[in-house]
Amino acid sequence: MDTCGSRSVNKKDGAEDRALRWTQTFIPTLKEDPAEAQVPSHRLMVRAGLIRQLVAGAYTYLPLGLRALHKAIRIVREEMDRAGALEILMPAIHPAELWQETGRFADYGDTLMKVRDRKGALLVLGPTHEEVVTDLVRNHINSYRQLPVIFYQIQTKFRDEPRPRFGVLRTREFLMKDAYSFDVDVPHLNQSYERMYQAYCRIFDRCGLKYVVVEAESGPIGGEASHEFMVLADTGEDALVECERCRYAANLERAEIGEGDTPPPALNEKQLRKVHTPGRSTIEQVSGFLQCLPQQMIKTLIYLADGEPVAVLVRGDHEVNENKLRRVLGASRIELADPDTIQRVTGAPVGFAGPTGLRLKMLADRAVMLISSGVTGANEADYHLVGVQPGRDFQPDRVADLRVASDGDSCPRCSGTLRLRRGIEIGHVFKLGTKYSAKLGANYLDEKGQSHPIIMGCYGIGINRILAALIETSYDAKGIIWSVSLAPYQVLVLPLNVANAELMRTAERIYRELMEQGIEVLLDDRDARAGFKFNDADLIGLPLRVVIGEKGLQRGEVELKWRHQAQSFTVPVEQAASRAASEIRSALQRLA
RNA sequence: CGGGGUGUAGCUCAGCUUGGUUUAGAGCGCUUGGUUCGGGACCAAGAGGUCGCCGGUUCAAAUCCGGCCACCCCGACCA
């Protein structure tokens, strides 16, 4: 590109600091909110000139956004290296056959992006890389002497999401740090896992994020244990619970519930009695019709566990947690039964099933057993039973924690209370075990020459989400409030009047001195009014602002202001750069 | 995939119901000149649009009808 063309208005600028002068870089700020942006991070990232959308779920990172992204990448890379993980770079295009080997070609379904090459061969755009690393390892690692090893990469992933949304929070193309550990046995896996877990804590601490670590379901990736790193935000897509008293926290998909359920008020019905409830099949309809509370009702759901029908009882105001159900039953596949099956096993249409007289394997949530007199379906169309007493009128085969936790439930670990929160998932660590190594034949030979599948773990971080999550939790009415560690630049030098030569000389000097001290600085050399520049400064949210104005200069002073603080302070001109530099250094120190 | 919404200038939107005085508009942004200059200034003159695409109705379509596409929202789904 020709840099000497029409844009070189400021002739004194060399190419070397182009990115450091506002007039020479590209920061397209917007005064108005973009119509499509719903959440704060999306709105502000667009308005502050960090990103622009190309299609649904794919964004261009502009210079400011890219700088912040690079900051996050750098922190992640430093901590991965420090934890002893080895950086590699795997391809984004994978042969479909590799995915068919593990069965995930089918499991991933439409989320997998597929392309055909010129020969007609089917390729997959990698949504994650278990298959590819495991293929690498099976071909090149075969001895216990080569273990343990952790590989990681920072690479673009592709997932054809059913619904990309919330700006950079859920996209079809995104940057992910994915790491994979390989160990000889579970104790060693646990060590690798712990190492990654600690590295994640350091990464997110350094980013300045406030996060909680929650116990999580491992999802379709499989495995036995997993934790998610969540940034609490009302706009987050994930629901989780957090104990008010102890450190217990879990994704809602996983959250256990303590035994402290309080029984609902008893009905006035002591005897079992059949009542006519024409056309009332939902909890809402029946409780309204019979003038009872939903929590006095017993909801009877017929599930198919690996094809076998089972009855699952929960209180009317509760929901079944299918993950818990699957685990309790030891089943691999759980689904709600179809209407035909329900008619066949209960003798009634959907909405009238009940435990009394039901000849089926029956599981009940603990809260159900505390109902002293309840309402439930009569296994007969248009009839319900009232005065139902667990133990007397039915006896489940098993009582367990089967429901989705809700706000106010008791903590499974202490006597505290669980609170429902929303969060943004920024990192996830899993113990995979041998799921992939067994399928792909990634084995090692032990000291005795015996072959075993390698024990794996996998560890992901959504790099783009780090930025979005930070902004989502750190902004005000004026704009973004960056942490020092992720900010695209650390200091903004803002001369108020670029036409004043002496003032500009001072600004340039402070700017040079800051650069010499290794501080990342942006000089707002635009010929614009003060208010305009202040508003843009607040919008892009650089941590420290140095304002050089005529009045201050007459007193020999410049103004320093932290973006996150309301008050500014003045320092003598000659100390401005060193003071700003030391402020930044100590702020960085606090995050390290 | 189901339901809803929106596509008009770089951005935010009006105009569409009731087709023709609209030669397609406003504000912001952009260009030029001037006045201003510590919290999104003012005046003047400009540049910028196949009204998402294709077809239909009509003497006449941004406006009515049909189809398609894109984007957004709710749900389902999902790291």
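This one's a predicted model, so the numbers in the text were calculated from it and none came from an experiment. Residue numbers begin at 1 in each chain, while the letters A, B, ... track the order of the sequences. The basis for the numbers below is simple: all heavy atoms, side chains too, and nothing from hydrogens, waters or symmetry mates.
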Nucleotide nearest [X] (side chain, heavy atoms from C-beta), chosen from [options]:
{"X": "A56(A)", "options": "C72(B), G27(B), A76(B)", "value": "C72(B)"}
{"X": "A530(A)", "options": "C77(B), A79(B), G38(B)", "value": "G38(B)"}
{"X": "D538(A)", "options": "C72(B), G39(B), A79(B)", "value": "G39(B)"}
{"X": "R163(A)", "options": "C71(B), U12(B), C74(B)", "value": "C74(B)"}
{"X": "R159(A)", "options": "G27(B), A79(B), A76(B)", "value": "A79(B)"}
{"X": "P34(A)", "options": "G39(B), U12(B), G38(B)", "value": "U12(B)"}

Lys/Arg-Asp/Glu bridge criterion (N-O < 4.0 Å) met for [X], [Y]:
{"X": "K157(A)", "Y": "D178(A)", "answer": "yes"}
{"X": "R326(A)", "Y": "E322(A)", "answer": "no"}
{"X": "R43(A)", "Y": "D33(A)", "answer": "yes"}
{"X": "K478(A)", "Y": "D476(A)", "answer": "no"}

Does any nucleotide pair with [N] by Watson-Crick or G-U wobble geometry, both distances under 3.5 Å, and what is it?
{"N": "G27(B)", "answer": "C11(B)"}
{"N": "C51(B)", "answer": "none"}
{"N": "U6(B)", "answer": "A70(B)"}
{"N": "A61(B)", "answer": "none"}
{"N": "G19(B)", "answer": "none"}

Roughly how many Å apart are [M] and [N], using the [atom1] atom of each and rounding to a whole number?
{"N": "G27(B)", "M": "G33(B)", "atom1": "C1'", "answer": "23 Å"}
{"N": "C13(B)", "M": "G7(B)", "atom1": "P", "answer": "9 Å"}
{"N": "C11(B)", "M": "C77(B)", "atom1": "C1'", "answer": "34 Å"}
{"N": "U31(B)", "M": "G48(B)", "atom1": "C1'", "answer": "11 Å"}
{"N": "G15(B)", "M": "G75(B)", "atom1": "P", "answer": "30 Å"}
{"N": "A47(B)", "M": "G2(B)", "atom1": "C1'", "answer": "46 Å"}
{"N": "A45(B)", "M": "G55(B)", "atom1": "P", "answer": "41 Å"}
{"N": "A60(B)", "M": "G40(B)", "atom1": "C1'", "answer": "45 Å"}

Of K551(A) and M176(A), the one whose closest nucleotide on RNA chain B sits nearer the 5' end is K551(A)
Heavy atoms under 4.0 Å, any strand shown: does [X] hit a base, just sugar-phosphate, or nothing?
{"X": "E161(A)", "result": "base"}
{"X": "E237(A)", "result": "nothing"}
{"X": "G460(A)", "result": "nothing"}
{"X": "R43(A)", "result": "nothing"}

Quick one: are P28(A) and R52(A) in side-chain contact, heavy atoms under 4.5 Å?
-> yes
Sequence-aligned protein contact record of nucleotides 40-47 of chain B, with B where the base is within under 4.0 Å of a protein heavy atom and S where only the sugar-phosphate is = BB------
Over how many whole Å does the gap from [X] atom [atom1] to [N] atom [atom2] extend?
{"X": "H129(A)", "N": "A79(B)", "atom1": "NE2", "atom2": "P", "value": "16 Å"}
{"X": "F26(A)", "N": "G10(B)", "atom1": "CZ", "atom2": "C1'", "value": "10 Å"}
{"X": "Y108(A)", "N": "A79(B)", "atom1": "OH", "atom2": "P", "value": "6 Å"}
{"X": "D527(A)", "N": "G34(B)", "atom1": "CG", "atom2": "P", "value": "13 Å"}
{"X": "I51(A)", "N": "C11(B)", "atom1": "CD1", "atom2": "C1'", "value": "15 Å"}
{"X": "Q153(A)", "N": "A79(B)", "atom1": "CD", "atom2": "P", "value": "19 Å"}
{"X": "Q155(A)", "N": "A79(B)", "atom1": "CD", "atom2": "P", "value": "18 Å"}
{"X": "L54(A)", "N": "C71(B)", "atom1": "CG", "atom2": "C1'", "value": "12 Å"}

Are any of R52(A)'s side-chain N or O atoms less than 4.0 Å away from OP1 or OP2 of G10(B)?
-> no
Are Q53(A) and C72(B) close enough that a side-chain N or O sits under 4.0 Å from OP1 or OP2?
-> yes
Check: K299(A) side chain, V320(A) main-chain N or O, donor-acceptor pair, under 3.5 Å = no
Would you say K114(A) has more than 12 foreign heavy atoms packed within less than 6.0 Å of its NZ?
-> yes
For the rings on Y59(A) and H42(A), is their centre-to-centre separation under 6.0 Å?
-> yes
For N323(A) and E253(A), does a side-chain donor sit closer than 3.5 Å to a side-chain acceptor?
-> no
Look at the side chain of E559(A) and the base of G38(B), then say whether one donor and one acceptor between them are separated by less than 3.5 Å.
-> yes
With under 30° as parallel and over 60° as perpendicular, where do the rings of F204(A) and F229(A) fit, or are they tilted in between?
-> tilted
